[in-house]
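Reckoned from all heavy atoms, side chains included, excluding hydrogens, waters and symmetry mates. Bear in mind that the values here come from a model prediction, so they are computed numbers and not experimental data.
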Amino acid sequence: MSILIIGGGIIGLSTAYYLSLNKSPSDLQEIHIIDSSPELFASASGYAGGFLARDWFNVHLEDLGALSFRLHCELAERHGGARKWGYAGSHAYSLSVDDVGVHGSKKKGSSGDWILEGTSRANEVRTNSEFDREENGVRRGDVVNPDGSPAVFTPQTGGTVETIAGPEECAQVEPRELCEFLLGEATRAGVQLHLGTTATNIVKDDEGILCGLKVRSGNSEEVEDIACKKIILTAGAWTPRVFKTLFPNSNITIPIDPLAGHSIAVKSPRYTTPFIDPHKRNIGGKDNWLCYSIYAGPTRHWNFATEAYARLARNGESEIWLGGLNDSKLPLPELATDVKNLIDPKNIEIVRATIVQLTGLAKEGVELHEDDLETVREGLCFRPVSRSGNPIVSKIKESQLGDLKVGDGGVWIASGHGPWGISLSLGTGLVVSELVEGRKPSADLSHLGLR
Ligand SMILES: Cc1cc2nc3c(=O)[nH]c(=O)nc-3n(C[C@H](O)[C@H](O)[C@H](O)COP(=O)(O)OP(=O)(O)OC[C@H]3O[C@@H](n4cnc5c(N)ncnc54)[C@H](O)[C@@H]3O)c2cc1C
């Protein structure tokens, strides 16, 4: 029975990957991914930071968060993820400058609260790191600042760096490269990808039961039918629009809003080879590579809560990513590839100045650091932020689909992952594949339904 996945970001690709495992070639031909963009990864999944956490989530997400963290590690071990998509365990630090840290006075809320409040994901840390604090987890030698933090982050005047978590509970990936791996595996197995393709209508049989989708390719007026009884909505911030188009008679709207964020990735002369884990922990492969993340509240040099990731890309290429400059008013364009037209050069200047201050060349007696960084990528993308703060991962009830009957098929939704879609991607993909195949999901989804 054909399955149609609408949206080829990391959630759609993870779903396709897990659906494609252990299938016969003829079943694989019946799994389709359609994406309205002419190319993939122009969306959040291509520009995100790639930070992964085991337990920085609220109670309703604990199970999915832990499952996903484990799957990231296992996938990396099985397929050489360290070299293919930069998987590595990560230390996490918070930076306070003049006593303004990332930890505000807010009480713990849902996992998406901090992003809308303009604070930091470091607020969500619940545990103290299990790793050796005295060593700070960093190899002693040329990569270490006097305070023990890695030299990839330049010391700040009046700044204090505190270790908040370690590589047993945090990791990083280069998200675009992970997406490329998932897509490659799924399409090599036989999953069909349709780019530049938009679903326009549901096709029903004589009894009004879902039996396919009408799709249009590019600007062509021609519409073709793809037979399917199962549809999975994974269009990120565009999911509410897709839902409205396909189910115009539904009495619900999908409670997900777009939240735009500018980001930058650079190369630094102080971070040219992967850091090595001195403890040789088994955190995702034989290479024992390590990454570093740092979280900081506003300072006199930048006026937003920022996060920076010293991460790896393919083959141990090292780069630093920085983001946190968000805009909830920026309207979502029609296509993910249109997002680049909305990049605000002033905001790129701000994120560049911030990464220079955080990782640029320090000069003795000079507070402002020097720009000796090489740009890898500047970007803007939209997170899908759900109003509950938790992603929506469930089958949609027939009564919520307007006048459509689903028979032995159905419509599922996996969206609204907000600031955690990379971390939660693999767990989401696995549980959605289980739901669609009628199996018991591997994580508790009881609070992730569509209300
Ligand atoms: C600046 C920034 C930093 C982030 N950092 C992290 C991080 O460090 N860790 C983490 O876990 N998460 C992070 N995130 C969040 C993460 O990127 C998102 O939650 C995740 O990428 C969402 O994936 P998705 O597949 O749901 O959506 P998307 O990646 O947005 O993909 C949606 C896809 O749907 C397609 N689409 C749109 N309309 C249609 C249509 N009509 N028909 C068919 N297809 C359609 C789009 O073209 C796109 O390919 C970050 C996000 C941002 C913006």
Checklist entry - Is the ring centre of Phe275 less than 6.0 Å from the ring centre of Tyr292? => result yes
Item to check | Ring centre gap for Phe51 and Tyr295 strictly below 6.0 Å | outcome: yes
Would you indicate whether the side-chain heavy atoms of [Y] and [X] approach each other to under 4.5 Å?
{"X": "Ile11", "Y": "Val432", "result": "no"}
{"X": "Leu435", "Y": "Trp412", "result": "yes"}
{"X": "Leu52", "Y": "Tyr87", "result": "yes"}
{"X": "Ile396", "Y": "Leu233", "result": "yes"}
{"X": "Thr154", "Y": "Leu361", "result": "no"}
{"X": "Tyr17", "Y": "Leu13", "result": "no"}
{"X": "Leu290", "Y": "Ile276", "result": "no"}
{"X": "Leu358", "Y": "Gln156", "result": "yes"}

Item to check | side-chain contact (heavy atoms from CB on, under 4.5 Å) between Cys381 and Ser43, worked out | outcome: CA-CA 6 Å; Cys381 59; Ser43 65; 6.0 Å; no
[X] (side chain) donor-acceptor with [Y] (main chain) under 3.5 angstrom:
{"X": "Lys395", "Y": "Val411", "result": "no"}
{"X": "Lys267", "Y": "Ser318", "result": "yes"}
{"X": "Ser37", "Y": "Leu40", "result": "no"}
{"X": "Thr234", "Y": "Gly7", "result": "yes"}
{"X": "Asn145", "Y": "Pro150", "result": "yes"}
{"X": "Arg176", "Y": "Gly46", "result": "yes"}
{"X": "Ser14", "Y": "Gly429", "result": "no"}
{"X": "Ser433", "Y": "Leu430", "result": "yes"}
{"X": "Ser423", "Y": "Ala53", "result": "yes"}
{"X": "Gln357", "Y": "His369", "result": "yes"}

Can you tell me how far apart [atom1] ([X]) and [atom2] ([Y]) are? Round to the nearest 0.5 Å.
{"X": "Glu177", "Y": "Leu182", "atom1": "CD", "atom2": "CG", "value": "12.0 Å"}
{"X": "Leu4", "Y": "Thr197", "atom1": "CG", "atom2": "OG1", "value": "10.0 Å"}
{"X": "Leu67", "Y": "Arg70", "atom1": "CG", "atom2": "CZ", "value": "5.5 Å"}
{"X": "Ile6", "Y": "Trp238", "atom1": "CD1", "atom2": "CH2", "value": "14.5 Å"}
{"X": "Leu335", "Y": "Ser36", "atom1": "CG", "atom2": "OG", "value": "5.0 Å"}
{"X": "Ile348", "Y": "Ile343", "atom1": "CD1", "atom2": "CD1", "value": "5.5 Å"}

Classify the angle between the aromatic ring planes of [X] and [Y] as parallel (below 30°), tilted (30 to 60°) or perpendicular (above 60°).
{"X": "Tyr309", "Y": "Trp321", "result": "parallel"}
{"X": "Trp56", "Y": "Trp420", "result": "perpendicular"}
{"X": "Tyr93", "Y": "His91", "result": "parallel"}

So, [X] and [Y], do they make that salt bridge, N to O below 4.0 Å?
{"X": "Glu174", "Y": "Arg83", "answer": "no"}
{"X": "Arg314", "Y": "Glu180", "answer": "yes"}
{"X": "Arg54", "Y": "Glu168", "answer": "no"}
{"X": "Glu367", "Y": "Arg300", "answer": "yes"}

Checklist entry - Looking at Ile392, Asp257, Ile256, which hits side chain to side chain contact (heavy atoms under 4.5 Å, CB included) with Arg387? => result Asp257
Considering all heavy atoms of both residues, which atom of [X] and which atom of [Y] are nearest to each other, and what is their separation?
{"X": "Thr239", "Y": "Ser415", "value": "OG1-OG, 3.0 Å"}
{"X": "Leu322", "Y": "Val351", "value": "CD2-O, 3.8 Å"}
{"X": "Ser45", "Y": "Pro175", "value": "O-CB, 3.4 Å"}
{"X": "Gly261", "Y": "Asn326", "value": "CA-OD1, 3.4 Å"}
{"X": "Ile3", "Y": "Val436", "value": "CD1-CG1, 3.9 Å"}
{"X": "Tyr18", "Y": "Leu426", "value": "CE1-O, 3.3 Å"}

Please tell me whether [X] and [Y] have a donor and an acceptor in their side chains that are separated by less than 3.5 angstrom.
{"X": "Ser446", "Y": "Asp444", "value": "yes"}
{"X": "Thr375", "Y": "Arg352", "value": "yes"}
{"X": "Ser250", "Y": "Gln400", "value": "no"}

Next on the checklist: As a quick check of understanding, evaluate side-chain contact (heavy atoms from CB on, under 4.5 Å) for Leu368 and His301, giving each step before the final call.
Outcome noted: CA-CA 9 Å; Leu368 274 185; His301 297 301; 3.7 Å; yes
Item to check | Derivation of the side-chain contact (heavy atoms from CB on, under 4.5 Å) call for Ser425 and His417 | outcome: CA-CA 9 Å; Ser425 58; His417 292 73; over 6 Å; no
Item to check | Selection residues 34-46 - residue pairs positive for salt bridge (Lys or Arg N to Asp or Glu O under 4.0 Å), sequence neighbours left out | outcome: none
Checklist entry - Step by step, would you call Arg311 with Glu319 a salt bridge (charged side-chain N to carboxylate O under 4.0 Å, His left out)? => result CA-CA 6 Å; Arg311 71 183 186 187; Glu319 63 185 33; 2.8 Å; yes
Checklist entry - Taking everything shown except Glu334 itself, do over 12 heavy atoms lie less than 6.0 Å from its CD? => result no
Next on the checklist: Apply side-chain contact (heavy atoms from CB on, under 4.5 Å) to residues Trp289 and Leu312 and explain how you reach the verdict.
Outcome noted: CA-CA 9 Å; Trp289 287 341; Leu312 299 172; 3.5 Å; yes
Next on the checklist: Can you list everything that forms a salt bridge (Lys or Arg N to Asp or Glu O under 4.0 Å) with Glu434? Sequence neighbours excluded, please.
Outcome noted: none
Item to check | Set of ring pair (Phe, Tyr, Trp, His ring centres under 6.0 Å) partners for Phe41, sequence neighbours left out | outcome: none
